[in-house]
Amino acid sequence: MNILFIRGGALGDLILTLPTLRLLRERWPEAHIEILGHPRLAEIAVNRYYLNAARSVNHGPLSAFFTPRAVLDPAWMEYIGGFDLVLSYFYDPDGLFQLNLERCQPGEILTHPPRVPDDFGRPAARHFAGMVEPLGLALGGDASSEIFPSPDDIGAAQAFLNGMKPGTRLVAIHPGSGSETKNWAKEQWADLGRRIAEDMPGTTLLLVEGEADAEAAEFLAAAWRDLAHARARWLPLPILAALLREAKIFLGHDSGITHLAAAARKDLPIVALFGPTEPAVWAPPRAGVRVLRGDPTTKNISLEEVYAAARTVLR
């Protein structure tokens with residue numbers, strides 16, 4: 001069984017689709033499952049239970065699949081035609097992408113809207129899992145995601161932690177997200193980290209930094225220069241997931257990294273700050289996730305609220 005899983009979007013979108021991949025893997029344990037998407041993000045799943053390979057969606061000839069009566073690249077047609085099952089989450093309002101997929105003659109094609117309806121009111125993972133309902137597959141009571149770091153990922157994470165004192169309490173903080181409107185003020189994160197470190201001896205602050213977080217990360221690194229802290233800067237996502245498994249708690253926003261932390265270890269306490277987005281849909285759907293919501297933005301969440309939520313775990 002050869003399955004092609006077509007999935008664009010950001011990190012959080014992919015992680016929220018892992019339960020769907022889990023259903024496919026459980027149904028066809030020996031299948032070759034390949035993703036057409038963003039390989040850097042897909043690393044969290046390739047050769048880590050869910051996927052066997054990844055191919056980039058950012059390839060010029062693929063754009064013809066969104067064009068009516070297009071001359072399709074023969075190599076792409078042969079590639080897609082070699083799959084028994086193709087599942088696509090691509091935005092395709094005119095049906096052109098599906099029509100061109102059909103021209104490649106794979107075994108079966110399923111499509112599903114990538115956008116979660118505004119009134120959905122349930123975890124987004126359940127919307128994405130609607131893709132496989134025609135196959136008789138459905139999520140039961142557990143809509144959460146899980147990531148399975150490889151031994152090499154775990155080894156790299158342990159190497160990162162070398163030199164820390166035994167018994168160190170690792171408090172992971174990610175000050176960014178995909179949108180500035182979701183973010184708590186960096187000054188608040190600085191004050192929170194200092195208060196945790198000073199009130200709770202043996203704490204090391206783990207500053208998680210992605211490529212879009214440079215300004216906030218530089219600010220926090222300077223603010224915490226006299227505190228025990230480590231900077232997880234631009235780590236490959238599977239290694240970052242393995243590192244977050246070692247944390248005592250994770251604090252962040254409505255972001256892909258928050259979903260990564262929640263999926264890295266299913267009993268890792270999470271404090272997630274939400275503003276304009278709906279937590280019932282977009283928060284990681286598992287126990288141990290504490291959502292603090294600001295109305296209308298995270299800027300209205302107080303330092304005391306976040307500190308109190310962290311202290312319930314760290315005391």
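As a basis for the values below, the full set of heavy atoms in this structure was taken, side chains included, without hydrogen atoms, waters or symmetry mates. If you're wondering where the values come from, they're calculated on a predicted model, not measured in any experiment.
Glu304 and Arg311 are not joined by a salt bridge, as no carboxylate oxygen comes within less than 4.0 angstrom of a charged side-chain nitrogen. A salt bridge does not link Arg55 with Glu34: none of the charged nitrogens is closer than 4.0 Å to a carboxylate oxygen. Residues Asp142 and Lys266 are paired through a salt bridge, judged by an N-O separation under 4.0 Å between the basic side chain and the carboxylate. Using a cut-off of 4.0 Å between Lys/Arg side-chain N and Asp/Glu carboxylate O, Arg231 and Glu218 are scored as salt-bridged.
Linking Ile, Leu, Val, Met, Phe, Trp and Tyr residues whenever their side-chain heavy atoms come within less than 4.5 Å leaves Ile173 and Leu268 in two separate clusters. Cluster membership check: Met131 shares its hydrophobic cluster with Leu51, using side-chain heavy-atom separations under 4.5 Å among Ile, Leu, Val, Met, Phe, Trp and Tyr. One hydrophobic cluster holds both Val289 and Val208 under the rule that ILVMFWY side chains link at heavy-atom gaps under 4.5 Å. The hydrophobic clustering, which links ILVMFWY residues whose side-chain heavy atoms are closer than 4.5 Å, places Val86 and Trp28 apart.
Listed for the His229 side chain is a donor-acceptor partner under 3.5 Å among the backbone atoms of Trp224. In terms of modelled atom types and a separation under 3.5 Å, the side chain of His32 and the main chain of Phe83 share no donor-acceptor contact. Ser255 places no side-chain N or O within donor-acceptor distance of the main-chain N or O of Ser177, the cut-off being under 3.5 Å. Side chain of Arg27 to main chain of Leu137: no donor-acceptor pair is present (N/O by atom type, distance under 3.5 Å, no hydrogens or angles). Checked by atom type and distance alone, the side chain of Asp13 pairs as donor or acceptor with a backbone atom of Ala10 at under 3.5 Å. No donor-acceptor pair under 3.5 Å is formed between the side chain of Gln98 and the backbone N or O of Gly95. Looking at Asp73, its side chain does come within 3.5 Å of a backbone N or O of Ala75 through a donor-acceptor pair. At distances below 3.5 Å, at least one donor-acceptor pair connects side-chain atoms of Arg25 with backbone N or O atoms of Tyr50. For the pair Arg290 (side chain) and Pro269 (backbone), a donor-acceptor distance under 3.5 Å is absent. His253 places a side-chain N or O within 3.5 Å of a backbone atom of Gly176 that can act as its donor or acceptor partner.
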| request: Dump the intermediate steps for side-chain contact (heavy atoms from CB on, under 4.5 Å) on Leu135 and Leu23, then the final yes or no. | output: CA-CA 10 Å; Leu135 301 173; Leu23 292 174; over 6 Å; no
| message | Determine whether Trp189 and Leu273 satisfy the following criterion, side-chain contact (heavy atoms from CB on, under 4.5 Å), listing intermediate values before the conclusion. | response | CA-CA 11 Å; Trp189 284 119; Leu273 280 57; 4.1 Å; yes
| message | For Asp199 and Tyr307: C-alpha separation, side-chain torsions, deciding distance, then whether side-chain hydrogen bond (donor to acceptor under 3.5 Å, both in side chains) applies. | response | CA-CA 11 Å; Asp199 289 357; Tyr307 177 76; 2.7 Å; yes
| After noting the C-alpha distance and the side-chain angles of Leu170 and Met164, does the key distance pass the side-chain contact (heavy atoms from CB on, under 4.5 Å) rule? | CA-CA 10 Å; Leu170 198 63; Met164 290 190 185; 4.0 Å; yes
| said: Between Thr17 and Thr20, does the side-chain hydrogen bond (donor to acceptor under 3.5 Å, both in side chains) criterion hold? Intermediate values first, please. | reply: CA-CA 5 Å; Thr17 317; Thr20 304; 5.8 Å; no
| request: May I have the step-by-step check of salt bridge (Lys or Arg N to Asp or Glu O under 4.0 Å) for Asp226 and Arg194, ending in yes or no? | output: CA-CA 9 Å; Asp226 60 326; Arg194 176 166 295 279; 2.6 Å; yes
| field | Glu278 and Phe120: CA distance, side-chain angles, deciding distance, side-chain contact (heavy atoms from CB on, under 4.5 Å) verdict | value | CA-CA 10 Å; Glu278 175 52 61; Phe120 191 65; over 6 Å; no
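Counting only heavy atoms from C-beta outward, the side chains of Asp153 and Arg48 approach each other to under 4.5 Å. Gln158 is listed as a side-chain neighbour of Glu246, based on a closest heavy-atom distance under 4.5 Å. Taking the side chain as every heavy atom from C-beta outward, Leu314 and Lys248 approach each other to under 4.5 Å. Leu205 is listed as a side-chain neighbour of Leu227, based on a closest heavy-atom distance under 4.5 Å. You'll find the side chain of Glu146 stays beyond 4.5 Å of the side chain of Tyr49, heavy atoms only. Using a 4.5 Å cut-off on side-chain heavy atoms (C-beta onward), Leu251 and Trp184 make no contact. By the 4.5 Å heavy-atom criterion applied to side chains, Val271 and Val313 are not counted as neighbours. Within the 4.5 Å cutoff, side-chain heavy atoms of Pro19 are placed close to those of Ser145.
One finds the CZ atom of Arg245 at 9.5 Å from the CG atom of Asp267 (value rounded to the nearest 0.5 Å). In this structure, the separation between CD1 on Ile3 and CG on Leu85 is 5.0 Å, given to the nearest 0.5 Å. In this structure, CZ in Phe250 is found 7.0 Å from CD1 in Ile257, a value given to the nearest 0.5 Å. Atoms OG and CG, on Ser56 and Leu62 in that order, are 9.0 Å from each other to the nearest 0.5 Å. The line from CZ of Arg40 to CG of Leu237 is 5.5 Å long, rounded to the nearest 0.5 Å. In this structure, Lys182 NZ and Thr297 OG1 are separated by 13.5 Å, a value rounded to the nearest 0.5 Å.
Other residues, nucleotides and ligands contribute only 12 or fewer heavy atoms inside 6.0 Å of the CD atom of Gln105. Within 6.0 Å of NZ in Lys186 there are more than 12 heavy atoms belonging to other residues, nucleotides or ligands. Atom CD of Glu215 sits in a sparse spot, with 12 or fewer heavy atoms from other residues, nucleotides or ligands closer than 6.0 Å. A 6.0 Å sphere centred on CG of Asp295 holds no more than 12 heavy atoms belonging to other residues, nucleotides or ligands. Other residues, nucleotides and ligands contribute only 12 or fewer heavy atoms inside 6.0 Å of the CD atom of Glu78.
Smallest separation of non-hydrogen atoms from Val281 and Gly121: CG2-N, 3.8 Å. Contact record, Asn52 with Asn47: O-OD1, 3.7 Å, taken as the closest heavy-atom pair. Nearest approach of Leu292 to Ala309, heavy atoms of both residues: CD1-CB, 4.2 Å. Here the closest non-hydrogen pair linking Ser88 and Leu101 is CB-CD1, 4.4 Å.
In this pair, Phe128 and Tyr89 present their aromatic rings perpendicular. The plane angle is above 60°, beyond the 30 to 60° band.
For Phe97 and Tyr91, the gap between ring centers reaches or exceeds 6.0 Å.
Relative to the six-membered ring of Trp282, Arg293 misses at least one condition, a distance below 6.0 Å or an angle of at most 45° to the axis.
When each of Ile6, Leu87, Leu41, Leu14 is paired with Ile35, the side chain to side chain contact (heavy atoms under 4.5 Å, CB included) condition holds for Leu14 and for no other.
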